[in-house]
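Letters A, B, ... are given to chains in the order of the sequence lines, protein chains preceding strands, and every chain is numbered from 1.
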There are 2 protein chains.
Amino acid sequence: MAVTIKDVARLAGVSASSVCRTLAAPDKVRPDTRERVQRAVAELGYYPNRAARGLITGRTGNLGLIVPDIANPFFPDIIKAVEARARELDYAVFLADTDEDPAAEVALIRAMSKQVDGFLLVSARCSDDELRSVYRDLPVVVVQRRVRHVPAVTFDDHDGILQAVGHLATLGHRRVAYVAGPRTSWSNKERQRILRLTTSAVGVELVDTGHAAPTLDGGTAVADLVLATGATAVMTFNDLMALGLLRRFRALGVEVPGDISVVGFDDIPLAELVDPPLTTIALAKQKAGRAGIDMLIGLLNNPETAAPRTVLPTQLTVRASTGPARRG
Amino acid sequence: MAVTIKDVARLAGVSASSVCRTLAAPDKVRPDTRERVQRAVAELGYYPNRAARGLITGRTGNLGLIVPDIANPFFPDIIKAVEARARELDYAVFLADTDEDPAAEVALIRAMSKQVDGFLLVSARCSDDELRSVYRDLPVVVVQRRVRHVPAVTFDDHDGILQAVGHLATLGHRRVAYVAGPRTSWSNKERQRILRLTTSAVGVELVDTGHAAPTLDGGTAVADLVLATGATAVMTFNDLMALGLLRRFRALGVEVPGDISVVGFDDIPLAELVDPPLTTIALAKQKAGRAGIDMLIGLLNNPETAAPRTVLPTQLTVRASTGPARRG
DNA sequence: GAACGTGCTGGAATCGTTTCCAGCGTGTGT
DNA sequence: ACACACGCTGGAAACGATTCCAGCACGTTC
């Protein structure tokens with residue numbers, strides 16, 4: 001039913017080896033052979049069976065892309081860029097979603113590892129040791145995470161947070177709340193750490209409202225807690241949580257930014273659509289996806305390279321959810 | 001390096017065939033053999049190589065999922081459901097994005113077809129003939145599209161549109177604009193057709209504002225045209241376009257729903273977050289993804305089945321973007 | 001003109017798994 | 001006790017592509 005290399009060989013009147021060579025290294029066969037083979041390939045619409053190739057070369061031509069939650073609008077931009085770049089380089093992408101569960105993540109990686117040449121793990125939730133252990137077996141690039149000895153694409157959170165804290169300080173805010181994301185999120189810990197540094201440096205008090213799910217509902221759930229802290233501004237782990245806050249604030253009749261300023265993180269497409277449009281720290285998501293794939297494929301072709309690092313810029317995007325601090 | 005069936009066989013002191021049988025049909029081996037094999041499998045962490053298996057069984061264990069645009073928030077919910085259900089049934093999913101390009105779609109399908117057992121095509125943009133031709137080679141299920149002889153999961157657009165048109169008519173609207181989506185979209189044509197039927201049935205005039213990209217910017221671009229029609233309400237091909245309209249209306253100082261009511265389509269997660277929250281026709285997206293996979297795998301296991309059909313319910317979700325018609 | 005080197009080619013082995021088939025041993029029925 | 005049947009097992013072939021190796025037919029050089 002499917003056309004194999006033998007069909008091509010028969011039609012071209014050559015051996016399978018010659019067909020293979022024509023496709024892999026056209027300059028290693030005589031021009032007339034090459035032409036006959038190419039004609040036969042075109043006529044039959046031959047396309048090599050990747051499973052068979054993979055069996056002998058040990059390469060599948062597939063990459064695994066693992067994200068915590070496809071439905072979180074932070075990820076589709078990255079997924080899209082990854083998919084596009086991988087396809088350009090003739091790799092196919094297996095997508096998987098861990099539902100924010102570190103155990104599911106590890107299980108998924110193990111299950112998929114035989115079918116892929118490497119992994120791109122975006123916002124991986126599992127432990128450093130688990131990541132390193134995966135990396136021992138297979139090329140891995142993490143995005144939005146840093147782990148010793150593992151190649152990584154990260155965002156310059158420090159710069160973005162510095163801009164945001166500076167922005168709030170300039171507007172007169174002296175007491176800022178931070179709504180933390182998942183405990184298992186490396187970038188949450190990182191942002192929290194950077195926030196502590198930068199706020200204390202400019203004399204802003206940072207109050208912590210504890211962890212919440214990185215979703216709309218997570219944000220909505222902590223809104224009352226945020227108000228209770230008396231903070232005049234609130235920063236969130238991600239935009240979804242910020243939007244959840246806005247929703248609850250509106251229901252309570254709390255004015256944004258009149259009563260409280262809100263700063264998100266990620267600049268998801270929705271951020272500019274809500275009312276008020278959200279001030280947020282924008283990340284170069286498409287670039288991250290592309291850079292991640294380039295790094296991963298670089299590693300595939302050059303396994304001995306030391307774990308590379310790429311840091312992508314962040315940019316505070318000021319919209320209407322931030323304004324001058326309410327008078328204490 | 002990787003552990004193969006032979007390693008297991010050696011450790012268990014049996015042949016490869018017995019290992020294979022133990023895994024595929026445990027009741028066909030003697031209990032003591034089974035136990036020894038299972039112990040060896042567990043000890044070595046053996047996991048069969050799918051490429052090798054695929055070579056002989058002709059099945060890859062992979063499914064292809066093709067969508068026009070991952071970044072369109074309509075799709076992630078479906079993708080997530082597809083991915084989850086496929087994994088439950090031990091299939092892996094290749095995701096691809098066609099950038100709304102019918103030619104790219106066909107090319108992608110051809111390129112992927114050797115690596116998958118079947119396709120789930122969501123909102124396919126290519127022609128009926130092309131779809132049927134793909135279906136001749138490989139099991140295919142289309143979601144949000146109907147093509148003769150091809151298995152399909154669709155939404156009951158007629159019911160949703162009927163509800164929406166009734167809702168608008170009740171509010172006194174007599175002139176409703178429709179902002180069409182891509183020409184290549186089957187569901188756009190379908191919705192347009194149903195709209196013509198239902199509006200004329202209740203004595204509402206339908207004005208057409210031509211096609212636009214199914215994106216925020218597409219909606220924004222036609223906003224002025226919509227206003228120029230003098231319609232008191234506007235329905236759009238999808239929610240993104242409706243949100244684009246809202247954005248432009250706000251910029252122009254046009255009140256929603258005071259000056260014009262807006263009804264979207266799809267009920268993407270953003271719909272309830274914007275201001276005003278969007279009245280829209282909700283689709284059972286997760287169900288569609290799950291049903292699509294179930295149908296596809298049913299087809300895989302039972303190739304001779306006649307092309308099945310599933311129709312999922314739609315539901316008008318009334319929010320704040322619709323209100324009484326402005327007096328002519 | 002003979003010896004050698006070069007450039008292509010086809011055959012064979014290989015990857016890891018499944019599946020078919022033959023054979024072996026055990027148990028049952030007469 | 002013998003024949004038969006049945007259950008289970010191991011060996012071998014197969015899937016489709018790649019790669020190594022040997023060999024063949026040139027062309028070149030002495």
field: Sequence neighbours excluded, every pair satisfying side-chain hydrogen bond (donor to acceptor under 3.5 Å, both in side chains) that has a member inside residues 101-112 of chain A
entry: R110(A)-S133(A)
field: Non-neighbouring partners of V116(B) that pass side chain to side chain contact (heavy atoms under 4.5 Å, CB included), sequence neighbours left out
entry: N62(B), F94(B), M112(B), F119(B), L138(B)
query: Which residue pairs satisfy the side-chain hydrogen bond (donor to acceptor under 3.5 Å, both in side chains) criterion with at least one member in residues 34-54 of chain A, sequence neighbours excluded?
result: R50(A)-D90(A)
task: Measure the angle between the two terminal helix axes of the helix from dG1(C)-dC30(D) to dT30(C)-dA1(D), five base pairs each, and quote it to 10°.
output: 50°
I'd like a table of atom pairs between the protein and nucleotides 23-28 of chain D - only N or O on both sides, under 3.5 Å - with the distance next to each one.
none

message: Could you work out, with side chain to side chain donor-acceptor pair (under 3.5 Å) as the rule, every residue matching S123(A), not counting sequence neighbours?
response: Q144(A)
- request: Locate the shortest heavy-atom distance separating V3(B) from D7(B); write the atom from each residue and the value.
  value: CA-OD2, 3.4 Å
message: Please enumerate all residues that pass salt bridge (charged side-chain N to carboxylate O under 4.0 Å, His left out) together with E190(A), with sequence neighbours excluded.
response: R146(A), R193(A)
- request: Scan residues 108-116 of chain B against DNA chain D and write down, sorted by residue number, each residue with any heavy atom closer than 4.0 Å; if none is found, say none.
  value: none
- prompt: 5' to 3' on DNA chain C, which nucleotides open and close the contacts with chain B (atom under 4.0 Å from a heavy atom)?
  reply: dG16(C) to dC20(C)
statement: Residues of residues 21-44 of chain A with a heavy atom under 4.0 Å from any atom of DNA chain D, listed by number, are R21(A)
message: Quick test of your reading: applying salt bridge (charged side-chain N to carboxylate O under 4.0 Å, His left out), list the pairs with at least one residue in residues 16-26 of chain A, sequence neighbours left out, ordered by first then second residue.
response: none
message: Checking D27(B) now: which residues fulfil salt bridge (charged side-chain N to carboxylate O under 4.0 Å, His left out) with it, not counting sequence neighbours?
response: none
